[in-house]
Q: 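Quick one: structure below, then a few questions.
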Amino acid sequence: MAQRQISYRLLIIIAFLCIYLIWGTTYMAIRIGLDGLPPFMMASVRFIMAGVLLVAYCLWTGQKWPKFHSMVRNAFFALIIMVGGQGLLVWSEQYIATGYASVLVATIPLWFVIIDKSNWKLYFSNPYIILGVILGFIGILTLFGETLSGESVSTSRLELIATCLVLIGAISWVFGTLLYKSYPPRDSMYMNLGWQFIFASVISLLLSGVLGEYSHTDFSNVGMRAWSAIIYLALPGSIVGLVAYTWLLTQKPAAVVGTYAFVNPIIAVLIGWLFANETISSFQLVGMLIIIVSAVMINLKRRQVLKA
């Protein structure tokens with residue numbers, strides 16, 4: 001019995017390390033992968049690797065091929081959640097620091113409260129959630145502070161666009177997640193996820209062509225470092241992290257598992273500082289801290305309110 005308890009605790013620790021460290025390091029992996037392939041081409045390669053492996057596993061375990069209506073829904077969710085949520089992030093990391101991008105993604109709890117209209121009455125009856133939403137917007141405005149005040153001539157137009165696109169990607173991810181919860185495709189989660197990866201790969205490949213990335217793509221010149229980062233994003237980043245996250249949701253309260261959203265930016269900022277010499281301005285540092293505090297308040301209280 002004692003041995004089982006130790007093994008269980010070890011599994012819990014390993015699973016949390018997966019979603020804390022692996023997902024926290026994916027931001028730097030994206031930056032490294034961009035050294036080898038253009039953004040949407042890299043996203044397409046990453047998605048097809050993860051998708052084929054997941055679908056093959058599901059078929060190997062005897063799961064049935066999804067029906068047409070499930071395919072249509074998976075294609076839609078691939079566009080909204082993966083291409084919108086992840087694809088825009090990949091494109092944006094060409095122009096903004098990895099740690100900065102991770103904090104923008106940490107606004108997800110804020111967008112959950114704002115977009116989830118069906119629970120507004122519950123959310124906005126809680127003063128902590130209201131304060132968290134206000135702090136979240138203050139944090140976002142603080143991140144834009146230097147640009148809006150005109151104090152930084154180094155902030156380029158592309159950096160501003162990239163910042164906006166990461167926020168749009170976070171909103172897209174939340175919107176798609178809420179729709180997925182209300183109208184889930186049939187079949188297993190892993191089969192659905194596998195097909196979403198495959199559809200996301202196709203959509204990303206099309207976008208790559210529209211944006212003129214084909215002329216800048218040369219697979220023969222992609223170095224081992226970039227390939228390693230892309231494989232890391234496809235396997236540990238997409239599959240291992242997801243399995244750990246899903247299992248933890250069956251073992252621990254969702255609010256506890258959701259703490260990855262607060263830890264990932266810290267990991268990403270530290271790695272960006274250590275390995276990419278990324279710097280953070282005072283405006284950005286203050287904005288990051290405000291957003292993380294906002295995310296903690298909203299996420300913990302939102303789970304409590306929904307359980308009440």
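Note that the structure is a prediction, hence the values are computed from the model and not measured.
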Q: Just to verify, what does Tyr190 make a ring-ring contact (aromatic ring centres under 6.0 Å, His included) with, not counting sequence neighbours?
A: none
Q: Which residues pass the side chain to side chain donor-acceptor pair (under 3.5 Å) test with Glu93, not counting sequence neighbours?
A: none
Q: Mind checking side chain to side chain contact (heavy atoms under 4.5 Å, CB included) for Val103 and listing every partner two or more places apart, or none if nothing turns up?
A: Pro265, Met288, Ile291
Q: By the rule that ILVMFWY residues connect when side-chain heavy atoms come within less than 4.5 angstrom, directly or transitively, which residues belong alongside Ile266?
A: Leu270
Q: In chain order, what residues pass the side chain to side chain contact (heavy atoms under 4.5 Å, CB included) check against Ala43, with sequence neighbours excluded?
A: Phe47, Ser204
Q: Under the salt bridge (Lys or Arg N to Asp or Glu O under 4.0 Å) rule, collect the residues that match up with Arg186, sequence neighbours excluded.
A: none
Q: Are side-chain heavy atoms of Leu89 and Tyr27 found at a separation under 4.5 Å?
A: yes
Q: Ignoring hydrogens, what is the shortest heavy-atom contact between Lys67 and Asp187? Give both atom names and the distance.
A: N-OD2, 4.4 Å
Q: Check Ser238 against Phe197 and note the closest heavy-atom contact, atom names and distance.
A: CB-CZ, 3.7 Å
Q: Less than 4.5 Å apart, side chain to side chain, heavy atoms only: is that true for Thr98 and Ile271?
A: no
Q: Return each pair, listed once, that meets ring-ring contact (aromatic ring centres under 6.0 Å, His included) where at least one residue sits in residues 213-238; pairs must be two or more places apart or across chains.
A: none
Q: Name all residues meeting the salt bridge (Lys or Arg N to Asp or Glu O under 4.0 Å) criterion together with Arg31; count only those two or more places apart in sequence or in a different chain, and write none if there are none.
A: Glu278
Q: May I ask you to decide if Gly51's main-chain N or O and Trp195's side chain share a donor-acceptor pair within less than 3.5 Å?
A: no
Q: Mind checking what makes side chain to side chain contact (heavy atoms under 4.5 Å, CB included) contact with Leu131, not counting sequence neighbours?
A: Leu135, Met297
Q: Tell me every residue that passes side chain to side chain donor-acceptor pair (under 3.5 Å) with Asn277, counting only those two or more places apart in sequence or in another chain.
A: none
Q: Measuring from Arg225:CZ to Ile32:CD1, what's the distance to the nearest 0.5 Å?
A: 4.0 Å
Q: Once you round to the nearest 0.5 Å, how far does OG of Ser92 lie from CG of Leu165?
A: 4.5 Å
Q: Among Thr163, Leu110, Ile290, whose side-chain contact (heavy atoms from CB on, under 4.5 Å) with Ile140 holds?
A: Leu110
Q: Going by atom type alone, with no hydrogens or angles, which donor-acceptor pairs under 3.5 Å involve a side-chain atom of residues 169-179 and a protein atom two or more places apart or on another chain?
A:
residue	atom	partner	partner atom	Å
Ser172	OG	Ile80	O	2.5
Thr177	OG1	Trp173	O	2.7

Q: Provide the full list of side chain to side chain donor-acceptor pair (under 3.5 Å) pairs with a residue in residues 75-86, sequence neighbours left out, each pair given once.
A: Arg46-Gln86
